[in-house]
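Below is one structure, written out as structure tokens; the observations come after it.
Worth knowing before you read on, the calculation uses all heavy atoms, side chains too, and leaves out hydrogens, waters and symmetry mates. Since we're looking at a predicted model, the values are computed, not measured.
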Amino acid sequence: MEEYPTPVKIILLLKEFPGLTLDELAEKMSISKMAVLNHISALEQQGAVARKIVKKKVGRPSFIFYALPVSNNKLGNSSDSMLNDFMDFIKTTGYEKLLEEFLKDRYSKVRSEYTGAMRGKNLDEKVNELAILRRNADYYPEVKRAQGNFELIEYNCPILSISKNFGIACSMETKMFSQVLDANVKSTHRQVNGYSACRFLISSKSKDEE
């Protein structure tokens with residue numbers, strides 16, 4: 001998360017670890033509590049972050065912080081009211097098939113772009129390249145590695161409104177990842193289902209699958 005602006009890092013941390021205290025945020029970000037508090041105050045005014053009071057048996061109460069749904073807009077989500085109205089229009093007028101064709105065309109173009117960027121690379125390099133491409137598209141990804149497998153976590157979904165109304169977008173995305181990486185990709189968590197991030201498990205194909 002080092003490359004992200006401080007307010008964005010705070011939102012991403014609170015999406016990954018809801019209920020952090022001021023001390024915990026400052027420690028994770030390696031900045032002063034006053035600096036964190038200044039950013040938190042601004043995010044609270046924007047409606048992106050909220051605090052709750054935690055009472056203690058001894059001493060003064062403390063605060064814990066949470067990212068609110070509107071924080072997604074600050075990360076680059078296209079979930080404004082006009083898009084939501086458009087989604088309702090598509091569904092109520094029977095044009096779902098048209099949107100499905102649009103999504104297929106979009107993912108076909110994205111797949112071509114990703115495939116070109118990954119040509120000649122091994123799986124490790126492809127996953128790194130995928131993270132760069134997704135970061136450029138405001139998905140705010142993080143890659144974790146474990147025993148030759150990969151975990152791709154995306155803390156933002158710029159097409160959340162579309163995915164909420166048309167779940168096919170999620171399955172298309174997972175299929176696209178599998179195709180461009182030439183690997184097994186499993187979606188385990190989706191923001192559209194209420195999770196704080198989308199999570200994909202990536203593993204190499206067996207010889208029988210190749």
Side-chain angles (χ1 to χ4, degrees), residues 1-54 62-84 106 110 113-114 117-118 124-145 150-164 169-170 173 176-177 180 187 189-200 202:
M1 298 183 186
E2 294 80 4
E3 68 275 19
Y4 301 137
T6 300
V8 170
K9 284 194 269 189
I10 290 174
I11 291 173
L12 296 181
L13 281 170
L14 292 178
K15 285 169 72 70
E16 185 176 6
F17 307 106
L20 289 177
T21 65
L22 195 63
D23 287 334
E24 290 168 336
L25 279 167
E27 181 180 355
K28 286 181 177 294
M29 299 181 66
S30 299
I31 60 176
S32 69
K33 288 195 295 183
M34 184 57 67
V36 173
L37 184 59
N38 288 337
H39 287 292
I40 284 285
S41 297
L43 290 170
E44 286 179 313
Q45 291 178 5
Q46 297 166 19
V49 167
R51 68 176 72 191
K52 293 183 180 179
I53 296 178
V54 177
S62 61
F63 294 100
I64 54 178
F65 300 91
Y66 296 86
L68 297 176
V70 74
S71 66
N72 290 331
N73 297 333
K74 189 171 182 62
L75 298 179
N77 273 19
S78 56
S79 54
D80 55 34
S81 58
M82 183 178 292
L83 182 55
N84 286 325
R106 176 184 181 274
V110 173
E113 176 192 353
Y114 286 13
M118 297 179 192
D124 190 286
E125 294 169 332
K126 286 180 179 180
V127 172
N128 282 335
E129 186 64 34
L130 179 61
I132 293 171
L133 293 166
R134 302 297 278 181
R135 185 179 302 119
N136 293 340
D138 291 333
Y139 284 86
Y140 294 90
E142 180 182 8
V143 174
K144 298 181 180 180
R145 293 169 173 77
F150 305 87
E151 180 182 5
L152 173 66
I153 304 170
E154 294 183 338
Y155 295 102
N156 188 48
C157 178
I159 60 167
L160 186 59
S161 285
I162 294 176
S163 299
K164 283 181 176 179
C170 295
E173 188 173 63
M176 180 190 69
F177 285 169
V180 300
S187 172
H189 296 70
R190 284 288 186 179
Q191 292 187 51
V192 72
N193 294 327
Y195 292 99
S196 61
C198 296
R199 178 174 177 263
F200 304 88
I202 303 168

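Remark: E125 engages no residue in a salt bridge (Lys or Arg N to Asp or Glu O under 4.0 Å) (not counting sequence neighbours). With sequence neighbours excluded, the residues satisfying salt bridge (Lys or Arg N to Asp or Glu O under 4.0 Å) with R134 are E154, E173. Take A117 and apply the side chain to side chain contact (heavy atoms under 4.5 Å, CB included) test, not counting sequence neighbours, and it matches E129, L133. Every residue two or more places apart in sequence or in another chain that forms a side chain to side chain contact (heavy atoms under 4.5 Å, CB included) with S163 is listed here: C157, I159, A169, C170, V192. Every residue two or more places apart in sequence or in another chain was checked for a ring pair (Phe, Tyr, Trp, His ring centres under 6.0 Å) with F65, and none qualifies. In this view, Y195 and H189 satisfy the ring pair (Phe, Tyr, Trp, His ring centres under 6.0 Å) rule, not counting sequence neighbours. Listed by chain and residue number, E24 satisfy the side chain to side chain donor-acceptor pair (under 3.5 Å) test with T21 (two or more places apart in sequence, or in another chain). Residues passing the ring pair (Phe, Tyr, Trp, His ring centres under 6.0 Å) test with F150: none are found, sequence neighbours excluded. Here E113 pairs with nothing under the side chain to side chain donor-acceptor pair (under 3.5 Å) rule; sequence neighbours left out. Remark: N128 engages D124, R145 in a side chain to side chain donor-acceptor pair (under 3.5 Å) (not counting sequence neighbours).
The two atoms that bring P141 and L152 nearest to each other are CB-CD1, 3.9 Å, heavy atoms only.
When side chains are defined from C-beta on, P158 counts as touching Y139, because their heavy atoms get closer than 4.5 Å. Residues V49 and Y66 fail the side-chain proximity criterion, which asks for heavy atoms closer than 4.5 Å.
Distance CD/Q45 to CD1/I40: 12.0 Å, rounded to 0.5 Å. Rounded to the nearest 0.5 angstrom, L22 CG and I64 CD1 are separated by 12.5 Å. If you take CG on L37 and CG on L25, they are separated by 10.5 Å, rounding to the nearest 0.5 Å.
Applying the side chain to side chain donor-acceptor pair (under 3.5 Å) definition to pairs two or more places apart or across chains, those involving residues 28-42 are D23-K33. Every pair passing salt bridge (charged side-chain N to carboxylate O under 4.0 Å, His left out) that includes a residue from residues 40-50 is listed here, sequence neighbours excluded: E44-R51.
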Exercise for the section: For the pair I11 and K15, evaluate side-chain contact (heavy atoms from CB on, under 4.5 Å) and give the outcome as yes or no after the intermediate values. Expected result: CA-CA 6 Å; I11 291 173; K15 285 169 72 70; 3.8 Å; yes
Exercise for the section: Decide yes or no on side-chain contact (heavy atoms from CB on, under 4.5 Å) for F177 and I202, but give the supporting numbers first. Expected result: CA-CA 9 Å; F177 285 169; I202 303 168; over 6 Å; no
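Although no hydrogens or angles enter the test, the distance criterion places no donor-acceptor pair under 3.5 Å between the side chain of N156 and the main chain of Y140.
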